[in-house]
Amino acid sequence: MSPWTEDEGTVLNNCRVDRDVFFLEVRAPNIAPASQPGQFVMLSGWDVHPLLPRAMAPIRFDTERAVLAIYYRVVGPGTERLSRLGPGSRLRLIGPLGTPLVPQHGPLALIGRGVGITPLLPIAEAAVQLGIPVRSYLSARTRPLLLEERRFVELGPLATHVAELDGPHTLVTEQLARDLEGGFIPAMAIVAGSGRLAQHVLMLAAQFGFRAQSFVEEKMACGVGYCKGCAIGNHGRLICLDGPALPLEEVL
Amino acid sequence: MSPWTEDEGTVLNNCRVDRDVFFLEVRAPNIAPASQPGQFVMLSGWDVHPLLPRAMAPIRFDTERAVLAIYYRVVGPGTERLSRLGPGSRLRLIGPLGTPLVPQHGPLALIGRGVGITPLLPIAEAAVQLGIPVRSYLSARTRPLLLEERRFVELGPLATHVAELDGPHTLVTEQLARDLEGGFIPAMAIVAGSGRLAQHVLMLAAQFGFRAQSFVEEKMACGVGYCKGCAIGNHGRLICLDGPALPLEEVL
Amino acid sequence: MANRLACHVAGLPLPNPVMPASGTFDYHPDVRTPVDVARLGALIPKSITLHPQPGNPPSRLAETPAGLINSIGIPSPGLAAFQDKFRSVYGGVPCPLVISVAGYSPDEYAQLTQACSRWPEVVAIELNLSCPNLKTHLMPAQDPILLRDAVQAARAATVKPLWAKLSPNVTTIAPMAAIAHDAGADAVVAINTIRAMAINIERQKAILGHFTGGLSGPAILPIGLSMVWDIAQHTSVPVIGCGGIRTVDDALMYLMAGASAVQVGTATFAHPAAMMDIINGLDRYLADQGIAQIADIIGIAKPA
Amino acid sequence: MANRLACHVAGLPLPNPVMPASGTFDYHPDVRTPVDVARLGALIPKSITLHPQPGNPPSRLAETPAGLINSIGIPSPGLAAFQDKFRSVYGGVPCPLVISVAGYSPDEYAQLTQACSRWPEVVAIELNLSCPNLKTHLMPAQDPILLRDAVQAARAATVKPLWAKLSPNVTTIAPMAAIAHDAGADAVVAINTIRAMAINIERQKAILGHFTGGLSGPAILPIGLSMVWDIAQHTSVPVIGCGGIRTVDDALMYLMAGASAVQVGTATFAHPAAMMDIINGLDRYLADQGIAQIADIIGIAKPA
Ligand SMILES: Cc1cc2nc3c(=O)[nH]c(=O)nc-3n(C[C@H](O)[C@H](O)[C@H](O)COP(=O)(O)OP(=O)(O)OC[C@H]3O[C@@H](n4cnc5c(N)ncnc54)[C@H](O)[C@@H]3O)c2cc1C
Ligand SMILES: Cc1cc2nc3c(=O)[nH]c(=O)nc-3n(C[C@H](O)[C@H](O)[C@H](O)COP(=O)(O)OP(=O)(O)OC[C@H]3O[C@@H](n4cnc5c(N)ncnc54)[C@H](O)[C@@H]3O)c2cc1C
Ligand SMILES: Cc1cc2nc3c(=O)[nH]c(=O)nc-3n(C[C@H](O)[C@H](O)[C@H](O)COP(=O)(O)O)c2cc1C
Ligand SMILES: Cc1cc2nc3c(=O)[nH]c(=O)nc-3n(C[C@H](O)[C@H](O)[C@H](O)COP(=O)(O)O)c2cc1C
Ligand code: FES
Ligand code: FES
């Protein structure tokens with residue numbers, strides 16, 4: 001367990017990106033500078049309802065400005081209330097949480113879908129800074145939901161799949177399969193945001209022999225290992241402490 | 001029991017008047033046109049928290065524009081959330097509720113303090129329209145809280161007392177006492193917003209022989225007589241059905 | 001179009017499974033309100049007692065997170081006065097009528113049940129078993145013997161359907177449901193309010209005049225739901241679900257947990273048309289899912 | 001300055017009356033968090049069991065209006081493993097330490113109590129009496145005989161203060177508190193979670209892997225408060241209040257209702273520093289009101 005804290009955050013920007021997806025920038029004086037790739041925060045911008053904070057994996061930690069950038073999809077009462085906070089609103093944050101995921105060897109394959117891709121970008125940036133090559137495979141319902149597509153392109157080859165344009169019947173991991181056949185064997189693949197993509201990667205990992213992790217989600221209460229509510233699999237692993245990324249074979 | 005309905009209201013205007021007092025205008029298509037002096041509404045602009053609607057006695061029912069004008073003081077979670085609703089927000093309203101109080105004989109003495117005076121204005125206006133003379137005695141903490149002072153002046157003689165200016169040691173009902181001694185004997189006195197003023201009026205009523213009513217407040221759940229939660233006094237009178245104005249001797 | 005919502009509670013046909021909880025709604029023949037009583041599954045007015053009584057002293061209400069505590073007691077005109085005005089108020093009631101009665105002894109339950117069964121409009125009697133017994137201070141719904149005696153006495157006094165309304169303030173509720181069933185209740189209603197309290201810290205005293213009261217509202221929904229589930233899992237008595245229902249999703253949870261019908265109480269205060277929304281919502285749900293009748297979803301929730 | 005907050009629970013001195021509820025907070029000697037453990041009234045880690053056990057299957061959490069249902073069960077390393085790591089984790093704990101133990105028989109309670117009493121850091125043993133008995137499916141906290149036997153067994157195994165944690169799922173709680181007291185508990189803790197359930201209507205199944213669980217959070221505050229009040233009114237056993245406490249006002253309600261101290265659980269999840277806020281708030285309240293010590297407000301709430 002690594003140190004974490006509680007911040008009184010300030011909303012700097014909170015705007016709609018697509019139908020039900022929003023982009024939030026929040027100043028978190030203590031949490032943002034301490035955050036590492038793979039980590040997440042718990043946030044609440046409300047009082048009694050809903051009761052629990054919500055887990056969010058920032059797409060960017062701006063350590064100098066102490067700002068976290070978050071994409072979120074409105075799916076229930078917590079994200080709905082979040083979407084109504086204007087600049088200047090206060091948010092309670094807990095973090096940084098979870099086990100950092102800073103790759104040591106390369107190359108890296110990053111596979112993600114929709115809002116779920118957010119934790120992949122900090123990992124890609126850390127990897128490139130360490131000189132580790134990165135290839136990304138991203139899919140989304142619509143083009144605007146290929147979040148930060150430009151930034152991913154800057155960091156390495158990017159394959160994309162947009163359901164609206166490319167049809168629902170292919171997976172972006174089919175490009176990964178072609179790359180694997182072409183000789184690109186990653187030291188590690190990291191999946192986020194899609195069980196279907198994770199399934200396919202698990203198959204490819206077995207076939208081509210590489211390690212794979214996946215970001216997983218379960219309802220969380222504390223986010224810090226106290227409540228034991230986020231256990232997954234047969235080993236009693238806690239997503240909030242041992243994850244949020246865990247070996248693919250443990251979570252599928 | 002008179003007919004009532006449920007309206008989906010729209011906030012037209014919601015602004016601060018004084019430190020913790022706000023002015024709200026809300027379009028209530030069915031309730032506003034049906035409202036009569038002495039009546040109130042229950043409103044909620046939220047979902048689960050707080051659970052119950054809040055009772056408010058409008059200071060004006062604009063039957064043509066179907067608008068209710070309400071002054072409210074922020075004292076807890078309901079009024080706090082109310083104060084954050086901007087124009088265009090939706091409000092649920094139930095009304096019109098309570099027994100109308102349309103005076104038949106005059107003259108009338110209206111005595112009130114602070115935000116509690118709101119139900120007095122519709123009564124004054126109805127009285128003046130029927131040719132019944134009205135004298136008003138209003139007190140408040142600060143000048144801006146002598147709500148709609150100008151309009152009261154248009155309707156008849158007005159005595160005021162502002163604690164901040166006139167000091168805390170006199171009551172506006174001392175002017176009523178002088179008027180009574182001077183020969184002004186009302187057919188009915190109506191008090192709102194202050195137990196202390198009500199006490200004094202009760203004494204004067206006994207001394208000078210006039211009827212007196214007072215607006216009373218108790219926690220309400222339904223506002224329509226179902227829950228029996230707002231009972232007061234020894235006769236099992238329900239504030240929401242038999243009131244909100246009740247004979248002074250029953251409520252003190 | 002066949003009425004998808006038509007249902008049965010222990011053999012008693014109802015136009016739909018949505019009705020008010022006793023003490024939270026009533027009917028006035030001449031007054032237009034947002035609730036179209038003709039569309040309700042049934043109407044249940046506030047419990048009546050044999051003798052007139054004033055109810056508890058004010059304050060009677062306290063609000064809590066997602067909950068309401070009430071210590072109304074049962075202000076009641078008494079049976080005689082209720083009988084006098086029955087025809088003028090409920091004579092033309094446009095939906096099935098259930099009368100809730102509250103007694104302080106088995107004999108009172110019997111008298112009330114017998115008297116109220118005479119009216120043809122009344123399709124069932126609901127026994128409010130939550131009046132504290134004068135000797136033990138327990139409610140009949142809390143004590144196996146008191147419960148059995150009250151239900152048996154009422155059973156002997158009517159041939160009409162009898163519903164026993166249970167209290168959540170028991171160690172386990174399924175045995176109480178079984179006792180009520182064995183004693184002659186056709187169905188049970190679960191749950192009544194949960195004992196609760198609020199304190200005004202400025203005044204350093206209880207908020208309610210009667211100092212404790214009963215908690216209702218969304219806060220208690222998960223508790224009521226588990227009790228309905230327990231009754232459905234462990235007994236064969238039909239159960240009417242009650243406690244915290246505010247939306248059609250809440251009603252569906254209770255039906256899926258095993259309730260034959262549902263009662264809506266506190267939600268009506270903030271949103272009087274809540275029952276109408278729930279009835280419309282259930283109908284839309286069945287249509288969308290292609291389900292022919294409400295009976296097909298009752299008790300279908302799987303353990304996990 | 002004298003410490004206004006210093007207090008006693010059944011004679012046991014504590015620096016202040018605010019402590020975490022078992023299962024919702026823990027201490028890691030090397031990890032800086034927003035909770036300064038040195039300022040807590042006491043620390044109570046999650047209940048431990050005699051033998052290792054994995055806890056309940058996922059999902060383990062469901063959110064309800066102002067409430068949280070958990071079906072964590074008690075994932076536990078077992079006594080032996082706990083003993084092995086005790087010194088390295090709790091050896092230097094900077095506040096009074098209370099160990100919560102959960103057994104499946106009186107003998108297990110005795111073994112756990114005896115073992116945990118040996119450490120000098122441990123100032124009291126809390127008995128979590130909410131493990132379902134393997135034969136009756138009742139929890140010791142629900143059954144007079146099971147309760148008496150468990151507490152007596154633990155009592156015989158230690159001279160340290162013994163706290164019995166009660167369940168709200170009983171007909172009346174004061175008699176259970178009295179039984180625990182008579183059996184040797186120095187104090188009782190009220191309340192543990194309330195049996196509850198949530199259903200996912202899309203999947204038509206229980207949300208929790210163990211299908212029912214226990215409700216905690218603000219929703220249950222008025223229920224816990226009435227139980228603490230009942231125990232204080234009807235027994236002489238000191239009571240530690242627990243259930244839904246989120247703010248200093250909530251803590252004051254429990255203290256005024258008769259609690260000697262309070263435990264904070266679910267509120268810690270949204271606001272880890274909640275206990276710090278409550279401790280600061282209590283101190284400020286006493287200062288503002290000119291009250292010399294916390295003992296002066298315990299049980300001062302008048303009926304109405
Ligand atoms: C480590 C972690 C990081 C996350 N990062 C992000 C992020 O960056 N952006 C983002 O938009 N979301 C993220 N999520 C998911 C986010 O926490 C949930 O969407 C949010 O809690 C929903 O809250 P709500 O009140 O709006 O809806 P709720 O009422 O809590 O849920 C609404 C519906 O969604 C379902 N649901 C909610 N949460 C989950 C879940 N965790 N898994 C599966 N189903 C769920 C519920 O069953 C319900 O049907 C993350 C989750 C985790 C665990
Ligand atoms: C018929 C009627 C008409 C009203 N008209 C107006 C109006 O026009 N403008 C206005 O500002 N207010 C009016 N009120 C009072 C208003 O309903 C309450 O102030 C409001 O419900 C408070 O809600 P809240 O959630 O903000 O605070 P709550 O949390 O409900 O209360 C905050 C504090 O105020 C106290 N309190 C709340 N309501 C009352 C009450 N009714 N009587 C005494 N103490 C109370 C509580 O005990 C608590 O300490 C009226 C009340 C009634 C019964
Ligand atoms: C104000 C109020 C009055 C009530 N009166 C009665 C009553 O007279 N008889 C009865 O059986 N239940 C009574 N109840 C309990 C309700 O019928 C219902 O069982 C309980 O409120 C739980 O449902 P809810 O959460 O939907 O309100 C009353 C509840 C409230 C809130
Ligand atoms: C996630 C979770 C785990 C819990 N684990 C335990 C436990 O191991 N032992 C115990 O005695 N109580 C346990 N409890 C109950 C709490 O200690 C407390 O009694 C209850 O949650 C009510 O308090 P609250 O509303 O402040 O949370 C747990 C509660 C929660 C929410
Ligand atoms: S969310 Fe509490 S242990 Fe993981
Ligand atoms: S508020 Fe329900 S009867 Fe008056």
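Values below: every heavy atom of this structure, side chains too, minus hydrogens, waters and symmetry copies. Residue numbers begin at 1 in each chain, while the letters A, B, ... track the order of the sequences.
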In terms of heavy-atom proximity below 4.5 Å to chain A, should D:P272 be classed as side chain, backbone, both, or neither?
both

Please flag which part of A:I94 lies under 4.5 Å from any non-hydrogen atom of chain D: side chain, backbone, both or neither.
side chain

D:A198: what forms a side chain to side chain contact (heavy atoms under 4.5 Å, CB included) with it, not counting sequence neighbours?
D:A62, D:I69, D:I207

Kindly compute the distance separating CZ (D:F269) from CE (A:M220), expressed to the nearest 0.5 Å.
13.0 Å

By side chain to side chain contact (heavy atoms under 4.5 Å, CB included), which residues pair with A:R196, not counting sequence neighbours?
A:L171, A:S194

State, to 0.1 Å, how close A:L51 and D:L68 come at their nearest heavy-atom pair, and which atoms those are.
CD2-N, 3.9 Å

Compile a table of inter-chain donor-acceptor pairs under 3.5 Å between chain A and chain D, counting both main-chain and side-chain atoms.
unit_1: A:W4; atom_1: N; unit_2: D:R32; atom_2: O; d: 3.4
unit_1: A:E6; atom_1: OE1; unit_2: D:H271; atom_2: ND1; d: 3.4
unit_1: A:E6; atom_1: OE1; unit_2: D:A273; atom_2: N; d: 2.8
unit_1: A:E6; atom_1: OE2; unit_2: D:H271; atom_2: ND1; d: 2.2
unit_1: A:L51; atom_1: N; unit_2: D:E63; atom_2: OE2; d: 3.0
unit_1: A:L52; atom_1: N; unit_2: D:E63; atom_2: OE2; d: 2.9
unit_1: A:R54; atom_1: NH1; unit_2: D:E63; atom_2: OE1; d: 2.8
unit_1: A:R54; atom_1: NH1; unit_2: D:E63; atom_2: OE2; d: 3.0
unit_1: A:R54; atom_1: NH2; unit_2: D:E63; atom_2: OE1; d: 3.0
unit_1: A:R92; atom_1: NE; unit_2: D:H271; atom_2: ND1; d: 3.4
unit_1: A:K219; atom_1: NZ; unit_2: D:E63; atom_2: OE1; d: 2.5
unit_1: A:Y226; atom_1: OH; unit_2: D:D26; atom_2: O; d: 3.4
unit_1: A:K228; atom_1: O; unit_2: D:R60; atom_2: NH1; d: 2.7

Residues of residues 57-77 of chain A under 4.5 Å from chain D (heavy atom pairs)?
none

Below 4.5 Å from any heavy atom of chain A, which atoms of D:I72 appear? Answer side chain, backbone, both or neither.
side chain

